[in-house]
6 protein chains.
Amino acid sequence: MPYVNIKITDEGVTSEQKQALIKGSTQLLVDVLNKKPATTFVVIEEVNTDNWGIGFDQVTKLRQIDNK
Amino acid sequence: MPYVNIKITDEGVTSEQKQALIKGSTQLLVDVLNKKPATTFVVIEEVNTDNWGIGFDQVTKLRQIDNK
Amino acid sequence: MPYVNIKITDEGVTSEQKQALIKGSTQLLVDVLNKKPATTFVVIEEVNTDNWGIGFDQVTKLRQIDNK
Amino acid sequence: MPYVNIKITDEGVTSEQKQALIKGSTQLLVDVLNKKPATTFVVIEEVNTDNWGIGFDQVTKLRQIDNK
Amino acid sequence: MPYVNIKITDEGVTSEQKQALIKGSTQLLVDVLNKKPATTFVVIEEVNTDNWGIGFDQVTKLRQIDNK
Amino acid sequence: MPYVNIKITDEGVTSEQKQALIKGSTQLLVDVLNKKPATTFVVIEEVNTDNWGIGFDQVTKLRQIDNK
């Protein structure tokens, strides 16, 4: 009965990538803990880069520095 | 001082249904644990069906199978 | 496929009360949104009163004031 | 390695205010627990006032009463 | 900068299994979204079977039925 | 009506430090967004170092390396 919550920044994640995250997380729970896929939930939350901070700064700002 | 977080898929939930979830959850905490409504929070999060997985698959795909 | 997370203070909640919260939350999702109980998760988290704050103070301190 | 999640209603929070929340939360973890900013995450989630309940009611309704 | 939260029941999960969940989740984020491991957090939360409900019942009760 | 959730490793955090986190977080919401302390919740969750991963490894292991 596992519940997996994945929070990532909303930077153009495709539906195929989301499907890959769901499949991979579920398989991991099966492999490591023998959990049943039918009752394994995976919920992906996409967070705006303005709303995610690390090292005092918004990710929005960090991306601008990366791109310079 | 309870905090209730309800995550559901974003499939046309109306404001009235949200109000019913808030009212019902709060009443449940009052009935079972005698909590004060004034400090009972209910937060509903609606998740895109692409972002919710169960049994290896996105809910989007499961809905397509259901409708066939 | 709902996921309900209930956070409450760890002040002697009994197993029967937890069962009542699980039953009531699940029934609420059935009644309001016609969700399937078989894929409705309810997770209760009990939080130490030292770790829960409201109005600047720990609940531990608020309980001491209540009991005076 | 702290993770701070701030949930607030989505009532016109500006990017500057989000930056202030990120900066302030990170500094708090540095001051109180000597945590490293480079591995301190702050994630802000903005919730629609229809989806947040307190005292049995949606915040949307409470705001209407406040404004009367 | 992903944050992965895995909630599972507290049924004797070993430190090695936790390590495997952390490694596997982090690798998944690298493989699918090219995220940096150095800023990928995985937090595992173990929940008492009395506190986890599915299909109206506590997992504690479901386990007793499974073992009959 | 903000809700702040702080997850940290369970490495001897004192009640006074928890109080400082609660006070500081609440004050931050007052200062930045003019929120009311009476309806500002702060919930601190302490996570075992075996259950927290970063950069593929458990924090338990990282602490052993730090101490060498």
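Protein chains get the first letters and strands the later ones, always in sequence-line order, with residue 1 at the start of each. Every value quoted in this text rests on a predicted model; they were computed, and no experiment measured them.
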So which donor and acceptor atoms of chain A and chain D come within less than 3.5 Å of each other?
from, atom 1, to, atom 2, distance (Å)
A:Lys7, NZ, D:Glu45, OE2, 3.3
A:Asp50, OD2, D:Ser15, OG, 3.2
A:Asn51, O, D:Ile44, N, 2.8
A:Asn51, OD1, D:Lys18, NZ, 2.8
A:Asn51, ND2, D:Ile44, O, 3.2
A:Asn51, ND2, D:Glu46, OE1, 3.0
A:Gly53, N, D:Val42, O, 2.7
A:Gly53, O, D:Val42, N, 2.9
A:Gly55, N, D:Pro37, O, 3.0
A:Phe56, O, D:Gln19, NE2, 2.8
A:Gln58, N, D:Gln19, OE1, 3.3
A:Gln58, NE2, D:Ser15, O, 3.2
A:Gln58, NE2, D:Ser15, OG, 3.4

Q. For the candidates D:Leu21, D:Val13, D:Ile22, which exhibits the highest count of non-hydrogen atom pairs separated by less than 4.5 Å from chain A?
A. D:Ile22

Q | Pick from D:Val30, D:Val4, D:Val43, D:Ile6 with the largest number of heavy-atom pairs that fall under 4.5 Å of chain A | A | D:Val43

